[in-house]
2 protein chains.
Amino acid sequence: MLNEEEQLDLVFRALADRTRRGLVERLVRGPASVSELAAPLPMSLAAVVQHLRVLETAGIVRSEKVGRVRTCAIAPDPLRTGESWLSDRRTGWETRLDALGALIDSPGHNPPGQDTPVRGPNTVEGTPS
Amino acid sequence: MLNEEEQLDLVFRALADRTRRGLVERLVRGPASVSELAAPLPMSLAAVVQHLRVLETAGIVRSEKVGRVRTCAIAPDPLRTGESWLSDRRTGWETRLDALGALIDSPGHNPPGQDTPVRGPNTVEGTPS
DNA sequence: GACACAGTCAAGTGGTCGCTTGAGTTTCGC
DNA sequence: GCGAAACTCAAGCGACCACTTGACTGTGTC
């Protein structure tokens, strides 16, 4: 069990690497063995295994060994976690902007120009006494 | 100008850190100065500035200096980029699963059991001769 | 003009990352 | 049984990361 912050740490960190995103893109098209995943990549098999371990620790990939072959597949839940974090922040920002727009459109209000630095209604929000 | 892969590298790397995600969450609620952002955090101001630089390099934050105060704000486009990458992979995986489900449901088909290792219809996709 | 505020810059440090190499181990096909 | 295939493990290495400290620069206030 790991909380949401740890989960996000692992997921975003895992996806911050191009090789690992490539592995995810490949696995989205269907499961594959470690050797199949490593074949097109310009690095050692051991390196690919390490990348897979990062993805598996993040929960993005799960794998199962049968005989001498380890088969890997996507587990999409962590992707959803990252996606909804991003979506929540973005929509939060958009609704704030909308509210700000409504405020500016209200009659008798003097809207700031483009030369004015960007400032919200709650600039000193977290400021202590 | 930087291509999508570089953009994703920077965005996911920037969001892989808890402190930086915290800065984003704060900035979603409205713009703030560097000192305001640093005040509640248990680290030096210089460290916060470094985090902000990472976010700004990723394009997630933009900032403007007026007088001696630098005011930071969210720029949501990179968040969208990350969000849609995640969404595309996830939906890609889901549609593949749907197709697989339809295949299994088709009459006369012998579906694999739970004890069978996970395998798609295209396991040997990238395998060379 | 003196002083403090808000930030900037540069150097340094311990830790982690991505990758390699080399030496196992287990399993499959003959 | 024997050799090849498919990993697995561990050590090592250069680069990068998060953070600190200390010196410095521009800006507002008295």
Side-chain angles (χ1 to χ4, degrees), chain A residues 5-6 8-24 31-58 60-73 117-119 123-124 126-129, chain B residues 5-6 8-24 27 31-58 60-73 117 119 123-124 126-129:
Chain A
E5 283 302 299
E6 301 176 80
L8 288 168
D9 277 356
L10 293 174
V11 168
F12 285 136
R13 166 129 235 27
L15 297 178
D17 185 276
R18 219 167 296 200
T19 301
R20 286 194 291 265
R21 284 200 305 279
L23 289 171
V24 169
S33 74
V34 175
S35 314
E36 279 165 10
L37 292 169
L41 298 177
M43 66 185 69
S44 71
L45 186 132
V48 174
V49 170
Q50 282 174 45
H51 280 302
L52 285 169
R53 185 143 40 230
V54 173
L55 288 167
E56 203 157 358
T57 303
I60 298 169
V61 162
R62 87 208 129 74
S63 74
E64 192 184 355
K65 191 156 186 179
V66 174
R68 60 182 170 178
V69 173
R70 175 170 297 278
T71 303
C72 303
V118 277
R119 322 211 103 233
T123 303
V124 286
T127 309
S129 63
Chain B
E5 283 302 299
E6 301 177 81
L8 287 168
D9 276 355
L10 294 174
V11 169
F12 284 135
R13 165 149 288 297
L15 297 179
D17 186 277
R18 219 167 295 200
T19 302
R20 286 194 291 265
R21 283 201 306 278
L23 289 171
V24 169
L27 288 174
S33 73
V34 175
S35 313
E36 280 165 9
L37 292 169
L41 298 177
M43 67 183 71
S44 71
L45 187 132
V48 174
V49 171
Q50 283 175 45
H51 280 304
L52 285 169
R53 185 142 42 232
V54 173
L55 287 166
E56 203 156 0
T57 303
I60 298 170
V61 161
R62 86 208 130 72
S63 74
E64 192 183 356
K65 190 158 185 178
V66 175
R68 62 182 169 177
V69 172
R70 175 169 298 279
T71 304
C72 303
R119 321 210 104 232
T123 303
V124 285
T127 309
S129 63

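Chain letters run A, B, ... following the sequence lines, proteins first and then strands; every chain starts at 1.
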Send over the distance from [X] [atom1] to [N] [atom2], rounded to a whole Å.
| X | N | atom1 | atom2 | result |
| --- | --- | --- | --- | --- |
| A/M43 | C/dT21 | CE | P | 13 Å |
| A/L10 | C/dT16 | CG | P | 14 Å |
| A/E64 | D/dA6 | CD | P | 18 Å |
| A/L52 | D/dA6 | CG | C1' | 13 Å |
| A/L45 | C/dC19 | CG | P | 13 Å |
| A/D9 | D/dC17 | CG | P | 16 Å |
| A/D17 | D/dC17 | CG | C1' | 15 Å |
| A/L41 | C/dC19 | CG | C1' | 13 Å |

**Prompt:** Which distance, rounded to the nearest 0.5 Å, do you find between the CG of A/L8 and the CG of B/L15?
**Reply:**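 Separation between the atoms: 9.0 Å.
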**Item:** Distance (rounded to the nearest 0.5 Å) between B/R53 CZ and B/Q50 CD
**Value:**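 Answer rounded to 0.5 Å: 6.5 Å.
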**Item:** Candidates D/dT20, C/dG18, C/dA6 - which lies nearest the side chain of A/H51
**Value:**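 For A/H51, the side-chain atoms sit closest to C/dG18.
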Could you tell me whether the phosphate oxygens of [N], OP1 or OP2, come under 4.0 Å of any side-chain nitrogen or oxygen in [X]?
| X | N | answer |
| --- | --- | --- |
| A/S33 | D/dA6 | no |
| A/R70 | D/dT8 | yes |
| A/S44 | C/dT21 | no |
| B/K65 | D/dG26 | no |

**Request:** Indicate, with a heavy-atom threshold strictly under 4.0 Å, whether A/R20 touches base, sugar-phosphate, or nothing.
**Result:**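 Sugar-phosphate contact only - A/R20 comes under 4.0 Å of backbone atoms but never of a base.
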**Item:** Nearest-nucleotide 5' precedence on DNA chain C, A/G67 against A/A46
**Value:**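 Final value for this comparison: A/A46.
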**Asked** Hey, which of these two, A/P42 or A/R13, hits DNA chain C nearer its 5' end, going by closest nucleotide?
**Response**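 Taking each residue's closest nucleotide, the earlier one in sequence belongs to A/R13.
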**Polar side-chain contact B/Q50-D/dT20 base: donor and acceptor under 3.5 Å** =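 Result: at least one qualifying N/O pair found.
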**Asked** Ignoring hydrogens and angles, does a donor from either the side chain of A/R68 or the base of D/dC7 sit under 3.5 Å from an acceptor on the other?
**Response**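 Under the 3.5 Å cut-off, the side chain and the base do not form any donor-acceptor pair.
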**Asked** With respect to A/L55, which candidate in A/D17, A/V61, A/V11 satisfies the side chain to side chain contact (heavy atoms under 4.5 Å, CB included) definition?
**Response**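 Result: among A/D17, A/V61, A/V11, A/V61 is the only option passing the side chain to side chain contact (heavy atoms under 4.5 Å, CB included) with A/L55.
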**Message:** So that I can tick it off, tell me whether A/R18 and B/E6 are bridged by a salt bridge, with the cut-off set at under 4.0 angstrom between side-chain N and carboxylate O.
**Reply:**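 Judged by the 4.0 Å cut-off on N to carboxylate O distance, B/E6 and A/R18 do not form a salt bridge.
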**Asked** Are any of the side-chain heavy atoms of B/S33 and B/R70 separated by less than 4.5 Å?
**Response**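 No, their side chains stay 4.5 Å or more apart.
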